[in-house]
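Below is one structure, written out as structure tokens, with a few remarks after it.
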Amino acid sequence: MHLAYPAVLAVLLFCVGLYGVLARRNAILVLMSVELMLGSVNLNLVAFDVWLRDSLHAGQSLAVFVIAVAAAEIGIGLAIVLMVYRGRGTADIDKLRDLAEPAGQRAGDDTEPARDEKAEAAA
């Protein structure tokens, strides 16, 4: 098997994924682009494993490990994106650059207003 064919395909997939990470504004599309990049890495791992004829199949074993890590990454990433979407109302990365809460909301605003000390003493 020629190593050039899967290597060129992996480079093309990685470049498409890199473009998606750098150019997209939607967080879900960025996560999909990262998955595309990890898929191209897996393709390279398996192609080099076949080309080197490794008896331990280390490339394929590492590819399975990368798939497991990618599954965990996408699960946690989607959970974070959903929580941010619920809190902010958008998944646009450019609008999420600040760590501050949206205007008009603070972390302690959802509690009851503080009572006067005199009113508490009388009660």
Side-chain angles (χ1 to χ4, degrees):
M1 177 176 113
H2 293 287
L3 185 61
Y5 300 130
V8 168
L9 180 61
V11 166
L12 290 175
L13 284 175
F14 192 86
C15 289
V16 169
L18 185 64
Y19 173 76
V21 167
L22 296 177
R24 298 293 178 183
R25 296 185 179 184
N26 191 344
I28 295 176
L29 292 177
V30 170
L31 287 174
M32 289 174 59
S33 298
V34 169
E35 291 294 320
L36 193 61
M37 292 167 67
L38 289 173
S40 70
V41 169
N42 284 339
L43 179 62
N44 264 337
L45 286 171
V46 172
F48 275 97
D49 183 49
V50 170
W51 184 64
L52 293 173
R53 294 186 177 106
D54 186 19
S55 62
L56 296 176
H57 299 292
Q60 293 178 18
S61 302
L62 192 57
V64 170
F65 180 73
V66 170
I67 289 170
V69 169
E73 173 259 333
I74 199 70
I76 292 173
L78 281 177
I80 291 171
V81 168
L82 286 175
M83 292 304 295
V84 167
Y85 181 77
R86 285 181 185 169
R88 303 272 178 105
T90 183
D92 190 5
I93 294 175
D94 290 336
K95 294 179 182 176
L96 300 176
R97 294 195 186 264
D98 295 331
L99 293 177
E101 294 290 326
Q105 289 184 353
R106 288 192 175 169
D109 284 351
D110 55 1
T111 61
E112 294 182 20
R115 298 181 187 171
D116 287 336
E117 292 176 14
K118 292 180 183 178
E120 288 181 12

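In this chain, residues are counted from 1 in sequence order. Note that the coordinates shown come from a computational prediction; the quantities given were computed from them, not determined experimentally.
- With hydrophobic clusters built from ILVMFWY side chains whose heavy atoms lie under 4.5 angstrom apart, Leu38 shares a cluster with Leu62.
- Here the closest heavy-atom approach between residue Asp92 and residue Thr90 is recorded as N-OG1, 3.1 Å.
- Side-chain heavy atoms closer than 4.5 Å link hydrophobic residues (I, L, V, M, F, W, Y) into clusters, and following such links, even through other members, never connects Leu43 to Leu45.
- Note on Ile28: it does not cluster hydrophobically with Ile93, by side-chain heavy-atom contacts below 4.5 Å among ILVMFWY residues.
- Listed by first and then second residue, the side-chain hydrogen bond (donor to acceptor under 3.5 Å, both in side chains) pairs involving residues 22-45 are Arg25-Asp94 (not counting sequence neighbours).
- Hydrophobic cluster membership differs between Val21 and Leu29, with clusters built from Ile, Leu, Val, Met, Phe, Trp and Tyr side chains linked at under 4.5 angstrom.
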Please set out all donor-acceptor pairs under 3.5 angstrom arising from side-chain atoms of residues 67-86, sequence neighbours excluded.
none

Could you pull out all donor-acceptor pairs under 3.5 Å where a side-chain atom in residues 8-19 meets a protein atom, sequence neighbours excluded?
none

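- For residues 3-18, there are no salt bridge (charged side-chain N to carboxylate O under 4.0 Å, His left out) pairs, not counting sequence neighbours.
- Nearest heavy atom pair, residue Ala63 against residue Val46, reads CB-CG2, 4.0 Å.
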